[in-house]
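Chain A is the first sequence line, chain B the second, and so forth, proteins listed ahead of strands; every chain is numbered from 1.
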Amino acid sequence: MKHKKSENFSEWYLEVVEEAGLAGYAPVKGTIYLLPYGYEIWELIRSHLDRRFRETGHRNAFLPVLIPESLLRKEAEHFKGFTPEVFWVTHSGDDPLGERLAVRPTSETLFYATFGASIKSWRELPVLVNFWNSALRAEIKSTKPFIRTSEFLWQEGHTIHATKEEAEQEVMRMLNVYREVVEEKLAIPVLAGYKSELEKFVGAVYTTTLEAVMPDGKVLQMATSHNLGQNFTVPFEVRYLGPDGQMHYAWSTSWGLSWRVIGAVIMVHGDDRGLRLPPEIAPIQVVVIPIHYRDEERAAVIEKCREVVRRLSEAGIRVHLDDRTEYTPGWKFNEWELKGVPLRAEIGPKEVEGGRVTLARRDTLTRVTVGDGELVDAVRSLLAEIQRSLYEAAKKFLLEHITEVRSLEEFSRALEEKGGFIKASYCGSRECEAAIKELTGATVRVIPFEPEPILSKCIYCGGEARVTAYFGRAY
RNA sequence: GGGGCCGUAGUCUAGCAUGGAGUGGACGCCCGGCUUGGGCCCGGGAGGUCGUGGGUUCAAAUCCCACCGGCCCCA
């Protein structure tokens, strides 16, 4: 690693992405390709989410990537919001198309035109579906791998319900699923709440969000869950015949989480040696490094390494033996630390003779020695401890980066000096929110679900404050 | 939205001001040897549309224009 996290955060981030073997730039502006190691992290995140999606009654399905313009136009606000960043397909071969086709920026419209269109009866509700796919939104300026790319991997959940109440419960249920995965698996603590009118999803009645603070003081949206009310079901005529014999418009939600969270993991947990992966999403949880000076030691060392791999593997731990002979152990230590592997097992003549294994923690860079008999238990508890300590450190950082202010001056100073979340009260108007953004670059990130006490008059207009919100400069 | 910087071997970089033969360094890669408990060492070797296109010129990596791509700062 050439760059230090504390000195040049942006360069450091790009270096980790590249050197840890996660991703690289693809030829088209703002697009990246994922290497297997990076993709495996995504697959682990995906499996954690999939399990919870299934537990909450959702099933995975597929939608195509092309959306006719007329369909995208059906919900006016939605179209207006997305059209500046839509990629359009205008030709098939050399022939111009009669109607241009949008490369999906999100799939709401297609979903209602397909899954929604067939609904006849209240007995078919709710429809609970999730799509793992990629979406495209043209990013003209300031792209960053994972954090902001023109094409990104994500999942988008779409649901249709008979009643408003059911839809509202769904929105919260899925936000909680995200919260569980982000905090417990990615080890990133978040603030949860509503988006402001200005920041909500275009076409939503309201948006709920999870927001995290990054080490450079910027804040990052981790996942969102939207209550779409009847904003889509009315223009798309998603109606059902109820038990009362009447036709009713249905209610709907959508929710999504993208590979941007991988960017957050890199930023939040990484250090000057590279990546530090929470064990729950580490493709390799334990890497085994054989060490031997003389040829006659080699066989016994390798044999013990294989035995360790076998035992850990049988215990369900993701383990890898690095038996490459072209690199020295020291070289390998650096390599796997860069790649963020949580635990390293060092096995040499000393370990063979003493009937033990040396384990090195990636998070604290400390070593412990455990007897062969306690290996599996020790690895299990160390992995759990690493998972916990990464979360605790991030939690501490989050709490230290929430600043309560009572005036615009304090607001600007806190933002400048510390960054993170600035907790402030304002009148709740779009005008003041936009003015604060214009003046400071900070936007409303979260309005807590449980309203918090009003701290002052509106920090911008001085009028009666109605909302206490968490502001921040966002990625 | 506004401004700035950059693109030379797989990677980083010197060369560009003041045009003159792809001229140099580091890492990586390949071969041989020596090594292995924190990025070992020695010897040899391969690797180039100088981002793309156009212009100026006897001559362009170098000057000019456009485009593509990357980075940073401000709002």
Side-chain angles (χ1 to χ4, degrees), chain A residues 1-3 7-21 23-33 35 84-85 138-151 198 216-218 271-275 287-302 304-305 321-339 341 343-354 356-362 364-369 408 411-412 415-416 419 433-443 471-475:
Chain A
M1 293 287 303
K2 281 186 296 197
H3 298 97
E7 286 171 10
N8 194 333
F9 187 72
S10 193
E11 294 287 335
W12 168 87
Y13 176 80
L14 292 169
E15 191 181 0
V16 174
V17 169
E18 193 173 332
E19 296 299 317
Y25 288 107
V28 175
K29 182 180 176 63
T31 63
I32 60 173
Y33 64 97
L35 292 150
E85 47 191 29
E139 293 291 347
I140 305 304
K141 294 203 71 163
S142 68
T143 64
K144 197 182 274 292
F146 296 116
I147 299 294
R148 192 172 284 275
T149 48
S150 287
E151 180 177 17
L198 220 54
D216 62 349
K218 286 194 187 175
D271 67 12
D272 286 348
R273 291 183 187 232
L275 198 55
V287 64
V288 178
I289 313 279
I291 299 160
H292 44 81
Y293 295 97
R294 298 183 297 276
D295 278 350
E296 56 267 32
E297 294 164 351
R298 193 183 142 76
V301 166
I302 293 292
K304 171 150 188 173
C305 287
L321 172 62
D322 186 357
D323 58 0
R324 291 176 294 178
T325 52
E326 62 269 35
Y327 297 109
T328 61
W331 194 95
K332 291 176 186 176
F333 294 172
N334 283 285
E335 162 96 349
W336 293 110
E337 280 170 3
L338 186 44
K339 290 172 103 64
V341 175
L343 269 183
R344 175 178 72 234
E346 303 173 8
I347 297 174
K350 281 187 278 183
E351 284 76 13
V352 172
E353 233 167 82
R356 54 181 201 252
V357 173
T358 299
L359 296 171
R361 284 174 65 156
R362 175 64 183 89
T364 55
L365 300 169
T366 55
R367 286 183 172 93
V368 294
T369 302
L408 199 54
F411 187 104
S412 301
L415 198 61
E416 220 46 59
E433 188 183 347
I436 292 167
K437 179 180 181 180
E438 179 67 24
L439 200 68
T440 65
T443 50
F471 292 76
R473 284 195 181 127
Y475 265 104

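The base of rG38(B) is paired with the side chain of R367(A) by a donor and an acceptor separated by under 3.5 Å. Contact annotation: side chain of R344(A) to base of rG38(B), donor-acceptor pair present below 3.5 Å. Between the side chain of E351(A) and the base of rG37(B), a donor-acceptor pair under 3.5 Å is found.
For the C1' atoms, the distance linking rA14(B) with rA9(B) amounts to 14 Å, nearest Å. Spacing of C1' atoms, rC71(B) relative to rG55(B), comes out at 28 Å, to the nearest Å. Across rC40(B) and rG20(B), the matching P atoms stand 41 Å from one another, rounded to whole Å. If you take atom C1' in rG45(B) and the same atom in rU49(B), they sit 24 Å apart, rounded to whole Å. With both ends at atom P, the span from rA66(B) to rC5(B) equals 14 Å, rounded to whole Å. Atom name P, nucleotides rU18(B) and rU62(B): the rounded distance is 14 Å, in whole Å. Nucleotides rG7(B) and rC63(B) place their P atoms 10 Å apart, quoted to the nearest Å. Rounded to the nearest Å, the gap between the P atom of rC68(B) and that of rU52(B) is 15 Å.
The side chain of T143(A) has rC71(B) as its nearest neighbour among rG69(B), rG39(B), rC71(B). Minimum atom distance to the side chain of H292(A) is reached by rU36(B), of the listed rG38(B), rC71(B), rU36(B). Nearest nucleotide to the side chain of E438(A), out of rA75(B), rG39(B), rC12(B): rA75(B). Out of rG69(B), rG38(B), rC71(B), the shortest distance to the side chain of V28(A) is found at rG69(B). Nearest to the side-chain atoms of I291(A) among the listed nucleotides rU36(B), rG38(B), rG70(B) stands rU36(B). Between rC40(B), rC71(B), rG38(B), one nucleotide has an atom nearer to the side chain of T328(A) than all others, and that is rC40(B).
The separation between E416(A) atom CD and rC73(B) atom C1' is 13 Å, rounded to whole Å. N334(A) has its CG atom 13 Å from the C1' atom of rG37(B), to the nearest Å. Distance E335(A) CD to rG28(B) C1': 13 Å, rounded to the nearest Å. At whole-Å resolution of the value, CD in E19(A) and P in rC12(B) are 10 Å apart. A straight line from CG of D216(A) to C1' of rC71(B) spans 16 Å, rounded to a whole angstrom. Atom P of nucleotide rU36(B) and atom CD of E296(A) are separated by 12 Å, given to the nearest angstrom. Regarding E18(A), its CD atom lies at a distance of 16 Å from the P atom of rG28(B), rounded to whole Å. Rounded to whole angstrom, the span from the OH atom of Y327(A) across to the P atom of rC27(B) amounts to 15 Å.
Nucleic acid contact class of G441(A) (heavy atoms, under 4.0 Å, all strands): none. Within the 4.0 angstrom heavy-atom criterion, only backbone atoms of the sugar-phosphate kind lie near L14(A); the bases stay farther away. Using a 4.0 Å heavy-atom distance criterion, G24(A) is classed as making no nucleic acid contact. Residue K350(A) is in base contact, counting any heavy-atom pair closer than 4.0 Å across all strands shown. Contact annotation for R273(A): base contact, defined as any heavy-atom pair under 4.0 Å involving a base atom.
Between M1(A) and P27(A), the residue anchored closer to the 5' end of RNA chain B is M1(A), taking for each the nucleotide with the nearest heavy atom. Toward the 5' end of RNA chain B, the nearer of the two residues K437(A) and Y25(A), judged by each one's closest nucleotide, is Y25(A).
Put simply, the side chain of D216(A) does not reach to within 4.5 Å of the side chain of Y13(A), judged on heavy atoms. A 4.5 Å side-chain heavy-atom check between E337(A) and R362(A) finds at least one atom pair inside the cut-off. In this structure, D272(A) and M1(A) have side chains that are not in contact, with every pair of non-hydrogen atoms separated by 4.5 Å or more. In this structure the side chain of K144(A) never reaches within 4.5 angstrom of the side chain of V17(A), judged on heavy atoms.
No cation-pi contact links K332(A) to Y327(A), judged by a cut-off of 6.0 Å to the six-membered ring centre and 45° from its axis. With a 6.0 Å cutoff to the six-membered ring centre and a 45° limit on the axis angle, R344(A) counts as a cation-pi contact of F333(A).
Checking side-chain atoms of K437(A) against main-chain N and O of A442(A) turns up no donor-acceptor pair under 3.5 Å. Formation of a donor-acceptor pair under 3.5 Å by the W12(A) side chain with backbone atoms of D271(A) is found in this model. Side-chain N or O atoms of R473(A) include one that pairs as donor or acceptor with a backbone N or O of T440(A) at under 3.5 Å.
Between K29(A) and the phosphate of rG70(B), there is a side-chain N or O to OP1/OP2 separation shorter than 4.0 Å.
For the pair C305(A) and L321(A), the tightest heavy-atom approach, listed with the atom from each and the gap, is CB-CD1, 3.7 Å.
Taken together, the paired segments of RNA chain B that extend over three or more consecutive Watson-Crick or G-U pairs, each closer than 3.5 Å at both contacts, are B:1-7 with B:68-74, B:10-14 with B:23-27, B:29-33 with B:41-45, B:51-55 with B:63-67.
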